[in-house]
Amino acid sequence: MQFIAGPCVIESAELLDAVAERLVAINRRLGTQIIFKASFDKANRTSIASFRGPGLERGLQMLADVRAKWGLKLLTDIHESWQAAPVGEVVDVIQIPAFLCRQTDLLLAAAKTGRTVNIKKAQFLSGADMRYPYEKAREAGAREVWLTERGNMYGYNNLVVDFRNIPDMLGIAPTVVMDCTHSVQRPGAAGGKTGGNREFVPAMALAAKAFGANGFFFEVHPDPDHALSDGPNMLQLDDLENLIKKLIQ
C-alpha cells in the first residue's frame, strides 16, 4: 500500500522539517514508507495574487535537503515539459496534475526520466478514459505508472467522487491512488481561492479502500487554517497517523 503525504506547497524549510519529522516517526511506528510530497510551484492557483511557492531551483534544493536529512522518498508535480528532467534528478515520483493529464508532451517528458509517474485523473474524465494517458507514459518508457482518483466536476464549485472509477482504473494500472485531499475541494469557492471540507478526508480514504484503492494521497499541515495553499482541504498533521492505522488494518 502506497502512502503520500506532505504540505500542498513549499512554504518554508521549517514547515518541511516539521512534516518530515512526523512522517519518519509514523513510518517507524507503523512500518509504512510514506512518500513526502510538496510542490515547488502551484502554477494553477485561482488568483494571480495567491502564493505559488519558491520556484523550481530553490524548491528542488529544499526537497533534496528533506531527502538528505530525513531519508524520505519524494514526490512533486510538474506543469511544463522542460521541468521533467531537473525534477527527475531529485524526486522518486513525478506527478501530473489532473487538468494536464492529456498533455502528451508533458507525459512523455515525465516518462523519459525513468521515475515513477503518477497521473491524476482529470475532473472531466472517467476512470476508463485514463487508459490513454497511462498508455502514453508506458509507451514512452515509464517503468511504473500510477493513476489517481480526485473526483469529477458536475456543477459549479464542487466535486463528486464516483468510487467506481477506482476498480475501473485498477483494470488499467496496478496502483490506483485516492487523492483524499483534492477530492474534498470546493474549487474557486472561497473568494478568489479554493475552499474545501477537510472533515470528509477520512471518509474518502476509507471508502476508497473499500473500492480497492491501494494508494492514498494526503496533503497535511500542522496548522491548515493558516496554510498558504489548500488549507481548507488539508488534513491536520496530528490526525494523519490514526487514519493510516485504520487503512492498514
Side-chain angles (χ1 to χ4, degrees), residues 1-9 15 18-39 72-73 75 77 93 95 97-98 118 120-121 123 127 146-154 157-170 175-187 189-190 193-249:
M1 191 174 286
Q2 300 286 348
F3 291 102
I4 301 159
C8 176
V9 67
L15 173 64
V19 175
E21 183 176 22
R22 185 68 62 87
L23 298 189
V24 168
I26 294 171
N27 283 338
R28 184 177 63 251
R29 285 192 289 265
L30 301 185
T32 50
Q33 191 178 61
I34 304 169
I35 299 170
F36 183 93
K37 178 270 168 186
S39 297
L72 292 164
K73 290 187 175 182
L75 176 149
D77 40 357
V93 184
Q95 184 165 272
N118 183 34
K120 287 194 174 184
K121 180 181 72 62
Q123 297 90 328
W146 304 345
L147 299 178
T148 292
E149 168 62 34
R150 51 99 73 237
N152 284 81
M153 186 79 75
Y154 288 111
N157 304 127
N158 205 358
L159 293 165
V160 175
V161 176
D162 181 350
F163 288 96
R164 295 172 298 179
N165 284 326
I166 292 171
D168 284 348
M169 290 193 289
L170 283 167
T175 300
V176 172
V177 178
M178 181 67 201
D179 181 343
C180 305
T181 293
H182 296 96
S183 59
V184 301
Q185 274 186 335
R186 293 295 180 97
K193 55 186 178 180
T194 291
N197 299 99
R198 78 171 70 96
E199 66 269 22
F200 297 133
V201 166
M204 285 291 182
L206 294 169
K209 179 184 176 183
F211 275 85
N214 50 15
F216 299 89
F217 176 106
F218 304 103
E219 287 186 341
V220 296
H221 197 286
D223 186 10
D225 287 335
H226 294 94
L228 299 182
S229 176
D230 266 358
N233 34 265
M234 271 202 282
L235 189 68
Q236 169 66 244
L237 181 59
D238 287 342
D239 296 334
L240 179 63
E241 185 168 357
N242 284 336
L243 180 51
I244 290 179
K245 282 181 182 178
K246 293 178 182 178
L247 291 169
I248 63 178
Q249 286 174 350

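Here the structure is a predicted model, which is why all the values come from computation and not from measurement. Numbers here are sequence positions counted from 1. Side-chain atoms are counted along with the backbone in the values below, which use heavy atoms only and exclude waters and symmetry mates.
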Value rounded to 0.5 Å, distance of NZ in K73 from CG in L23: 14.5 Å
Residues that L170 engages under side chain to side chain contact (heavy atoms under 4.5 Å, CB included), provided they are two or more places apart: I166, V176, N214
Pair listing, salt bridge (Lys or Arg N to Asp or Glu O under 4.0 Å) test, anchored in residues 199-221, at least two apart: K37-E219
Residues in side chain to side chain contact (heavy atoms under 4.5 Å, CB included) contact with P222, at least two apart in sequence or another chain: L15, V19, L237
Between CG on residue L206 and CG on residue L247, distance to nearest 0.5 Å: 5.5 Å
Rounded distance (nearest 0.5 Å) linking atom CG of N233 with atom CE of M204: 10.5 Å
Between CD on residue Q185 and CE on residue M234, distance to nearest 0.5 Å: 11.0 Å
Under the side chain to side chain contact (heavy atoms under 4.5 Å, CB included) test, residues paired with N152 that sit two or more places apart: K121, E149, Y154, N165
Minimum-distance pair of heavy atoms, taken over all atoms of G127 and M169: O-CG, 3.5 Å
Residue pair D179 / T148, side-chain donor-acceptor N/O under 3.5 Å: no
Ring pair (Phe, Tyr, Trp, His ring centres under 6.0 Å) partners of H182, counting only residues at least two apart: F217
Nearest-0.5 Å distance that lies between atom CG in L235 and atom SG in C180: 9.0 Å
Residues forming a side-chain hydrogen bond (donor to acceptor under 3.5 Å, both in side chains) with N242, sequence neighbours excluded: none
Residue pair R150 / L159, side-chain heavy-atom distance below 4.5 Å: yes
Nearest heavy-atom neighbours spanning M153 and N158: SD-O, 2.9 Å
Side chain to side chain contact (heavy atoms under 4.5 Å, CB included) evaluation trace for W146 with I4: CA-CA 12 Å; W146 304 345; I4 301 159; 4.0 Å; yes
Test side-chain hydrogen bond (donor to acceptor under 3.5 Å, both in side chains) applied to D77 - qualifying residues, sequence neighbours left out: S39
Residue pairs, two or more places apart or on separate chains, that pass salt bridge (Lys or Arg N to Asp or Glu O under 4.0 Å) and touch residues 231-242: R22-D238, R29-E241
Residues which pass ring pair (Phe, Tyr, Trp, His ring centres under 6.0 Å) with F216, listed by chain and number, not counting sequence neighbours: F3
Spacing of I34 atom CD1 and L72 atom CG [to the nearest 0.5 Å]: 8.0 Å
Listed partners of T32 passing side-chain hydrogen bond (donor to acceptor under 3.5 Å, both in side chains), at least two apart: N27
Under the side-chain hydrogen bond (donor to acceptor under 3.5 Å, both in side chains) test, residues paired with D168 that sit two or more places apart: none
Donor-acceptor contact present, side-chain R198 to main-chain V184, <3.5 Å: no
Closest heavy-atom pair and its distance - A5, L240: CB-CD2, 4.0 Å
Residues which pass side chain to side chain contact (heavy atoms under 4.5 Å, CB included) with A207, listed by chain and number, not counting sequence neighbours: F163
Closest contact, heavy atoms only, K120 versus P97: CB-C, 4.2 Å
Flag if over 12 foreign heavy atoms under 6.0 Å of CD, Q33: no
